[in-house]
Amino acid sequence: MGISSPSKKFKTDVGEQLSKGMAFGIKDTSNLASDEAEKMSTKVYSKATSWLKKYKKSHDVSRADEKYYWKQVVKHCEEGTTAYSKAVAKLLTASVSKTTTPANCQTLS
């Protein structure tokens with residue numbers, strides 16, 4: 001047979017090939033995880049936007065409440081996705097206080 005060490009033969013013929021096969025399999029399908037993260041984040045953002053829009057129709061929502069709400073949404077969206085960017089934009093918008101024109105100032109028309 002010419003095998004002086006069955007364990008060394010198994011290591012090279014099976015062990016190394018098994019590891020290489022697993023590595024190639026993971027590499028070839030890594031985009032699946034990324035695609036699913038994008039889909040999940042899009043669903044979270046879409047549902048959150050829809051829910052808040054409906055809620056605002058029958059409730060007064062303060063800027064602080066809206067800011068808190070969007071912070072929670074951001075936590076549940078995968079960083080780097082489009083939905084994450086949109087949720088962060090909503091959070092920033094909710095974080096900026098509305099400025100009002102003082103009564104003694106005129107607005108430009």
Side-chain angles (χ1 to χ4, degrees):
M1 280 176 109
I3 300 173
S4 58
S5 175
S7 61
K8 287 181 183 175
K9 183 75 171 157
F10 187 84
K11 174 187 168 192
T12 56
D13 290 355
V14 178
E16 288 177 8
Q17 299 307 315
L18 183 64
S19 298
K20 287 178 185 176
M22 287 178 60
F24 285 123
I26 290 169
K27 180 181 173 193
D28 291 347
T29 59
S30 63
N31 63 327
L32 293 175
S34 176
D35 292 347
E36 288 306 312
E38 182 74 41
K39 287 178 190 176
M40 179 206 63
S41 294
T42 299
K43 284 182 181 179
V44 167
Y45 176 79
S46 177
K47 298 263 184 193
T49 303
S50 176
W51 183 88
L52 186 59
K53 185 177 180 179
K54 289 177 187 174
Y55 186 80
K56 282 181 164 183
K57 287 180 181 180
S58 59
H59 297 82
D60 289 328
V61 178
S62 70
R63 282 236 185 243
D65 290 341
E66 193 165 346
K67 181 179 174 182
Y68 175 79
Y69 181 79
W70 286 112
K71 273 186 184 181
Q72 301 313 305
V73 174
V74 166
K75 287 180 186 179
H76 290 89
C77 289
E78 183 69 25
E79 190 171 349
T81 62
T82 303
Y84 179 87
S85 298
K86 288 180 178 181
V88 168
K90 294 277 192 178
L91 172 60
L92 292 173
T93 300
S95 298
V96 177
S97 62
K98 288 185 178 180
T99 56
T100 57
T101 305
N104 60 351
C105 292
Q106 294 180 351
T107 58
L108 298 175
S109 303

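Along the sequence shown, residues carry numbers from 1.
Closest of all the heavy-atom pairs between Ala87 and Val73 is CB-CG1, 4.0 Å. Looking at every heavy atom in both residues, Glu66 comes nearest to Lys56 through OE1-NZ, 3.0 Å. Closest approach of Arg63 to Thr93, counting heavy atoms only: NH1-O, 3.2 Å.
The aromatic rings of Tyr69 and Trp51 sit parallel, their planes meeting at an angle under 30°, below the 60° perpendicular limit.
Classification of Lys39 and Glu36 as a salt-bridged pair holds, one side-chain N sitting under 4.0 Å from a carboxylate O.
Atoms NZ and OG1, on Lys86 and Thr42 in that order, are 7.5 Å from each other to the nearest 0.5 Å. Taken from OG1 in Thr49 to NZ in Lys47, the straight-line distance is 11.5 Å, to the nearest 0.5 Å. Taken to the nearest 0.5 Å, the OG atom of Ser95 stands 13.0 Å off from the NZ atom of Lys90. Distance CD/Glu38 to OG/Ser34: 7.0 Å, rounded to 0.5 Å.
Residues Val44 and Tyr68 are members of separate hydrophobic clusters, defined by side-chain heavy-atom contacts under 4.5 angstrom among Ile, Leu, Val, Met, Phe, Trp and Tyr.
Counting heavy atoms from C-beta on, the side chains of Leu52 and Trp70 come closer than 4.5 Å.
A donor-acceptor distance shorter than 3.5 angstrom exists from the side chain of Thr29 to the backbone of Gly25, with no hydrogens or angles considered. The backbone N or O of Lys27 lies less than 3.5 Å from a partner atom in the side chain of Ser30, making a donor-acceptor pair. Counting only distance, with no hydrogens or angles, the side chain of Ser41 and the backbone of Tyr84 share no donor-acceptor pair below 3.5 Å.
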